[in-house]
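Below is one structure; the comments refer to it alone.
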Amino acid sequence: MGKLTVRESISKGLYEAMDSNERCYLLGEDIGEYGGAYAVTKGFLDKYGEKRVRDMPIAESVIAGAAVGSAMGGLFPIVEIMTINFTLLAMDQIVNHAAKMRYMSNGQIQVPMILRTVTGGGGGLAATHSQNFEGWYANVPGLKVVTPSNPYDALGLMRSCIESKDPVIYVEHCLLYSVTGDVPEEYYNVPLGKSVVCREGQDVTIVTYGGMVSVCLEAADKLSEQGIEAEVIDLRSLRPLDIETSVKSVCKTGRAVVVEENWKTGGFGAEISSSLQENAFDYLESPIIRISGEEVPMPYSRKLESAAIPDASKVTITIKAMMEI
Amino acid sequence: MGKLTVRESISKGLYEAMDSNERCYLLGEDIGEYGGAYAVTKGFLDKYGEKRVRDMPIAESVIAGAAVGSAMGGLFPIVEIMTINFTLLAMDQIVNHAAKMRYMSNGQIQVPMILRTVTGGGGGLAATHSQNFEGWYANVPGLKVVTPSNPYDALGLMRSCIESKDPVIYVEHCLLYSVTGDVPEEYYNVPLGKSVVCREGQDVTIVTYGGMVSVCLEAADKLSEQGIEAEVIDLRSLRPLDIETSVKSVCKTGRAVVVEENWKTGGFGAEISSSLQENAFDYLESPIIRISGEEVPMPYSRKLESAAIPDASKVTITIKAMMEI
Amino acid sequence: MPITLDKQKALETYELMKLIRLFEEECASQYMRGLIRGFLHLYIGEEAVAVGAISSLNEDDYIVSHYRDHGHALARKLDPNGIMAELMGKSTGVSGGRGGSMHLFDVSKGFMGGYAIVGGQLPIAVGLATSIDYLSEDRVVMCFFGDGAVNEGYFHESLNLASLWKLPVVFVLENNLYGMGSHIDRTHATGHNLYLSADEYNIPATQIDGMDVLAVMETAQPLIERTRSGGGPVLIEANTYRFVGHSMADPGNYRNILEIEEWKTKDPISKFVEHALSQNIFGLDDIAVIDESVKQVVRDAVEFAEQSEDPEVESMYREIHG
Amino acid sequence: MPITLDKQKALETYELMKLIRLFEEECASQYMRGLIRGFLHLYIGEEAVAVGAISSLNEDDYIVSHYRDHGHALARKLDPNGIMAELMGKSTGVSGGRGGSMHLFDVSKGFMGGYAIVGGQLPIAVGLATSIDYLSEDRVVMCFFGDGAVNEGYFHESLNLASLWKLPVVFVLENNLYGMGSHIDRTHATGHNLYLSADEYNIPATQIDGMDVLAVMETAQPLIERTRSGGGPVLIEANTYRFVGHSMADPGNYRNILEIEEWKTKDPISKFVEHALSQNIFGLDDIAVIDESVKQVVRDAVEFAEQSEDPEVESMYREIHG
Ligand SMILES: Cc1ncc(C[n+]2csc(CCOP(=O)(O)OP(=O)(O)O)c2C)c(N)n1
Ligand SMILES: Cc1ncc(C[n+]2csc(CCOP(=O)(O)OP(=O)(O)O)c2C)c(N)n1
Ligand SMILES: [Mg+2]
Ligand SMILES: [Mg+2]
């Protein structure tokens with residue numbers, strides 16, 4: 001068991017992918033000489049050379065599309081799109097091509113590929129660079145979407161993605177790269193579509209994923225000081241989505257809060273909330289509440305940005321109010 | 001009062017926009033000489049000339065972006081993107097530019113524009129041409145999303161869109177163009193963010209929008225024959241979203257079904273369901289149920305396509321099962 | 001026409017073009033009957049491009065097409081039965097009835113799909129070529145697209161990357177003058193001579209008479225070989241014309257009847273027949289035999305398709321995930 | 001350097017370049033202090049491009065910039081206080097503290113925004129030009145973008161439309177050889193001479209020494225007038241170099257130190273000063289005065305920004321909808 005950062009965990013997963021499969025290659029803007037905008041692929045170019053680590057022109061459409069095509073031709077591409085905001089420029093290739101190919105060809109074609117990208121706000125990058133679109137991708141049959149929240153999962157999920165025969169969007173939250181955690185030396189993996197109870201409790205269930213997990217754990221600690229024991233569930237992947245674990249928890253606690261960074265209206269939190277309601281209706285003691293980012297384009301000002309993103313105190317206040325009802 | 005089709009209603013709205021504002025112009029692929037892929041703008045080129053009716057190269061990004069820029073420069077563009085599937089190619093301009101401009105410039109800039117596009121399946125166009133992305137746009141603060149379901153609303157909503165100072169996505173369902181309905185001769189409009197009860201009932205509330213409204217009304221008629229009176233609510237716009245009307249209804253009926261054509265996981269139906277649950281929790285007699293499109297890329301085969309899209313019988317069966325609980 | 005075909009090759013060329021023509025005409029009828037639905041884009045008038053270009057490929061080369069893909073599929077010798085069944089949405093269709101007219105696939109023939117997003121196939125072709133290059137395979141990708149697709153950003157991004165990496169892609173630009181109802185003069189800054197765009201990317205390009213199947217072969221063959229032997233991408237602009245509407249839904253009022261008539265005088269099939277007869281490559285009797293057999297092929301295809309089963313509703317969830 | 005400036009204009013040119021330089025250096029310090037956050041892209045080394053190009057515009061022309069926008073904003077005479085306040089996220093910032101470094105806006109000066117999506121500003125510029133044309137205004141749009149942006153589909157789609165409609169856009173390509181850490185040789189098929197791409201769109205284009213403010217003016221002025229008088233879009237490729245990293249987060253290991261040093265010998269400010277001194281346009285004493293006043297401007301900007309208030313949390317929902 002050693003300590004790794006999320007960045008190191010992802011890197012480790014990529015090294016394993018590259019070492020175990022000669023057909024695996026990396027492509028993306030500035031992943032080579034520059035080392036990656038978030039330094040995840042630092043050192044890869046030196047180790048694997050230009051054939052397998054490809055710096056791309058700034059052209060997200062053809063980056064994603066070339067990945068799809070090369071997967072059809074037998075390769076295993078791992079693409080980096082620098083941030084999820086820029087995936088909007090590649091969306092047609094992801095949604096209309098990668099996601100459709102296998103189905104539309106009646107299984108003649110498979111598109112094994114991983115598209116890594118960076119989500120979330122909090123870095124002072126303002127409206128065009130602080131968004132959370134993973135929920136949109138999770139709406140699309142034919143894609144898988146994973147959202148690691150810690151080093152253990154980052155590596156474990158990456159290992160499962162490497163096994164996938166279908167396109168996966170691997171979503172890295174911008175504030176998590178330097179977060180450290182225990183990672184076993186021996187091989188393990190984290191299956192897609194299995195959420196995890198990361199803190200047990202019997203009073204209320206908090207369901208969340210990605211960057212919001214630590215916020216919720218912090219809130220749970222605070223609540224605990226006040227005698228409220230929250231169970232915190234990390235979804236880990238949004239598609240396939242494991243709602244069972246959360247349902248079980250809600251059946252126990254009778255209350256649920258869903259926390260996400262994205263805007264509320266039409267956000268993926270609504271999916272969690274409605275699925276819970278559908279499956280745990282008879283156990284609910286109070287309405288399931290969603291805590292989400294404020295519905296504004298992300299402002300640059302630190303003060304406004306902090307106010308726009310859910311934090312532990314918002315979670316605790318909401319839950320305390322809920323418990324009093 | 002006269003009968004118009006949805007197509008004629010939209011056209012009428014566009015004529016009004018063009019006649020009342022010299023700065024209003026139309027742009028889109030094949031809207032001029034060809035008359036529009038769905039013939040909505042037939043006759044406009046002849047009437048208004050090339051300056052105000054612009055056939056565009058097949059280049060969705062610059063179509064949307066040029067519209068945004070021209071709105072910033074004082075024009076009022078009404079863009080047609082042939083189908084919502086192709087808006088994925090324009091998404092960066094819509095989401096990262098149109099939606100952000102006013103906020104990020106601190107109100108120095110406004111972007112009054114309408115982006116018309118065609119959503120939905122049922123036409124035998126298969127996976128890349130049969131999608132429903134309006135819910136994604138409705139997730140974005142800075143945009144408005146309207147989804148007319150009949151000729152009256154098509155015109156009334158268009159009139160409100162014309163008044164809007166902010167970008168609106170005006171979503172036309174592909175199967176509605178030839179649907180007819182009454183449209184008053186005298187001026188009226190339908191405000192954005194006001195849903196409507198299109199059928200009253202006291203046993204169950206059906207909340208829906210766009211192409212699914214007629215399906216739900218048909219289901220309601222069938223249910224009525226069996227003694228179940230469903231109240232059907234047409235949301236009319238997804239952003240701004242009026243949930244109040246639906247909440248009121250659910251408080252009365254105690255039961256709700258949300259019907260949408262989009263895939264269920266992460267679809268906009270989840271928003272409706274969770275908002276209802278949050279606001280009418282104490283009135284719910286059974287879980288709110290979502291009826292959605294099957295979670296597959298849309299197959300071409302008529303048989304599979306029909307099975308993939310919700311129809312009246314799916315709605316009636318679901319509701320009957322629900323009432324029995 | 002300096003290229004000459006032996007009799008067998010000439011007959012095969014005629015047969016393929018004729019098959020495409022009759023197949024497409026049959027599709028139009030089946031569409032009117034309601035057995036084919038959705039968007040149906042016919043290849044009538046453009047046969048020489050597909051046949052000339054594709055018959056110059058090796059069997060394991062890849063082909064990437066667009067939504068106007070029946071001609072390419074037939075030229076690649078996909079089973080006409082399977083194509084027609086696909087158009088009727090049957091489980092025996094080449095894409096299992098899931099893709100329809102715009103999305104034909106037959107990987108066993110290297111036919112990597114018809115793509116219905118204008119320009120969306122260009123990056124796919126570049127990606128396939130990347131895999132060829134990476135795996136040091138002896139293949140090329142032939143990628144078809146229209147004059148309208150040139151205006152998408154995809155064109156720019158794809159040609160740039162193909163050239164930068166010297167990838168084995170043969171870009172075949174089918175310039176039929178119109179993207180739906182829009183003439184290229186109204187959508188492209190330089191109007192005609194789209195092939196000159198390839199200069200920006202250092203890609204060798206040629207413009208040819210796409211109504212002349214021999215001209216297409218003559219140009220395509222050396223360019224394909226150039227690409228195959230590591231010379232990087234090439235672009236062929238084939239000037240052609242669709243004799244029919246953009247799709248079956250086309251109001252068709254944007255083209256001048258005289259223009260259409262004039263192009264019809266350049267009919268690629270008649271043109272080739274005249275040539276072959278005048279050069280005594282084959283005779284009228286050969287044509288009669290082929291015409292009969294081709295008609296039969298089309299009739300069989302319809303029969304096969306009509307008698308095939310719809311996919312089972314239970315099959316709907318197959319092949320989404322592994 | 002055939003163009004000559006009178007003393008006043010020369011001093012103003014010097015002042016603007018110097019202001020940009022010192023302002024940017026100050027930004028770097030404030031970033032280290034943590035008062036500026038997010039991505040910070042400095043314009044150091046490229047001053048001659050913004051100053052030469054923008055000072056050739058009329059007051060009511062539009063400017064569209066990218067995320068490396070401080071230089072353009074200062075050259076356009078946006079209030080340095082408002083810019084610095086924006087960088088510190090204050091309510092007195094030009095964008096109310098909402099946009100930050102990458103999103104400066106001042107519509108009163110025709111400064112229509114810094115855009116942080118690479119290439120995303122190109123269609124916006126084309127749209128603004130559409131409005132000028134539509135309203136028969138006497139304006140042009142000047143649109144800045146980098147060599148990296150050329151590779152986006154946006155470039156292609158925007159130039160095509162601008163040319164097709166003969167719109168008044170002056171495209172200014174700031175070729176500093178790198179998009180982040182990627183040299184153009186590794187990202188663009190034709191490497192150097194990006195301006196040749198404009199040929200594809202029938203757009204007149206020139207390549208100039210972007211380290212020479214007089215050369216920029218000399219080229220820009222007639223091209224701007226050409227555009228203004230209805231001649232359609234033009235493109236200027238300014239060869240330049242950033243003396244610092246892509247952003248403050250740049251590891252900076254992809255550029256050769258010799259290359260950097262060599263470019264530094266072409267410093268646009270020194271170059272212009274040498275010229276002006278040798279031609280006796282202004283003297284060392286003039287420089288001293290300006291340097292002092294520019295320093296003061298920068299100090300004032302920091303003070304103004306530091307003393308300004310953060311936006312109120314309650315203001316968060318303002319200006320989303322009318
Ligand atoms: C991205 C996208 N935009 C628009 C369309 C609608 N559309 C289908 S075919 C077509 C015209 C394409 O013209 P061209 O590339 O010249 O090919 P042709 O049909 O002439 O063979 C258009 C606009 C589409 N399918 N995809
Ligand atoms: C669509 C998009 N892709 C990637 C990025 C990340 N990014 C920001 S600046 C930049 C490099 C741009 O280079 P260039 O256009 O040459 O401008 P320069 O920074 O050299 O001035 C990149 C890749 C982005 N902001 N937007
Ligand atoms: Mg065409
Ligand atoms: Mg650059």
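Lettering follows sequence order; numbering is per chain, from 1.
- Other residues, nucleotides and ligands contribute at most 12 non-hydrogen atoms within 6.0 Å of the CZ atom of C:Arg318.
- Heavy-atom pairs under 4.5 Å with chain B peak, among C:Gly252, C:Ala249, C:Pro251, at C:Pro251.
- C:Arg242 CZ: more than 12 foreign heavy atoms inside a 6.0 Å radius.
- Contacts of C:Ile36 with chain B are made by both backbone and side-chain atoms, with heavy-atom separations under 4.5 Å.
- When every heavy atom of C:Glu312 is checked against every heavy atom of B:Leu304, the shortest pair comes out as O-CD2, 3.5 Å.
- To the nearest 0.5 angstrom, C:Glu152 atom CD is 6.5 Å from B:Ile58 atom CD1.
- B:Glu295 and C:Tyr317 form no side-chain donor-acceptor contact under 3.5 Å, judged by distance and modelled atom types alone.
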Checklist entry - Going through the distances and angles, do B:Glu33 and C:His183 end up as a side chain to side chain contact (heavy atoms under 4.5 Å, CB included)? => result CA-CA 10 Å; B:Glu33 291 223 21; C:His183 193 278; over 6 Å; no
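- Contact of B:Thr128 with chain C is made through backbone and side chain together, with heavy-atom distances under 4.5 Å.
- The pair B:Glu305-C:Arg37 meets the salt-bridge criterion, with a side-chain N (NZ, NE, NH1 or NH2) lying under 4.0 Å from an Asp/Glu carboxylate O.
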Checklist entry - Does the pair C:His103 and B:Tyr300 meet the rule for a side chain to side chain contact (heavy atoms under 4.5 Å, CB included), with working shown? => result CA-CA 9 Å; C:His103 307 108; B:Tyr300 165 71; over 6 Å; no
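- The candidate from C:Gly96, C:Ser101, C:Ser315, C:Pro311 with the greatest count of non-hydrogen atom pairs under 4.5 Å with chain B is C:Pro311.
- Between the side chains of B:Asp30 and C:Ser182, a donor-acceptor pair is found at a separation under 3.5 Å.
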Next on the checklist: Show, in sequence, the C-alpha distance, side-chain angles and deciding distance for B:Val296 and C:Ile320, and conclude whether the side chain to side chain contact (heavy atoms under 4.5 Å, CB included) test is met.
Outcome noted: CA-CA 7 Å; B:Val296 296; C:Ile320 293 185; 3.3 Å; yes
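- At a 4.5 Å heavy-atom cutoff, the contact between C:Met316 and chain B is made by backbone and side-chain atoms alike.
- Of the atoms belonging to C:Leu87, it is backbone heavy atoms, and not side-chain ones, that fall under 4.5 Å from chain B.
- C:Arg98 places none of its side-chain heavy atoms less than 4.5 Å from the side chain of B:Met298.
- You'll find the side chain of B:Met56 stays beyond 4.5 Å of the side chain of C:Thr187, heavy atoms only.
- With a 4.5 angstrom heavy-atom cutoff, B:Ala308 touches chain C via backbone and side-chain atoms both.
- Looking at heavy atoms from C-beta onward, B:Phe86 lies out of side-chain contact with C:Val118 at the 4.5 angstrom threshold.
- Contact tally against chain B (heavy-atom pairs below 4.5 Å) for C:Ser91, C:Gly119, C:Gly100, C:Ser95: the top residue is C:Gly100.
- Around CD of C:Glu306, the count of heavy atoms belonging to other residues, nucleotides or ligands within 6.0 Å exceeds 12.
- At a 4.5 Å heavy-atom cutoff, C:Phe155 makes no contact with chain B through either its backbone or its side chain.
- Heavy atoms of other residues, nucleotides or ligands lying less than 6.0 angstrom from NZ of B:Lys42 number 12 at most.
- Closest approach of C:Gly38 to B:Leu125, counting heavy atoms only: CA-CD2, 3.5 Å.
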Checklist entry - Can you list the steps and then say if C:Ile117 with B:His129 is a side chain to side chain contact (heavy atoms under 4.5 Å, CB included)? => result CA-CA 8 Å; C:Ile117 302 293; B:His129 278 55; 4.3 Å; yes
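- In this structure, chain C has no heavy atom under 4.5 Å from any part of B:Leu88.
- Interatomic distance, CG of C:Asp310 versus OG of B:Ser306, reported as 9.5 Å (0.5 Å rounding).
- Within 6.0 Å of the CD atom in B:Glu50, the count of heavy atoms belonging to other residues, nucleotides or ligands does not exceed 12.
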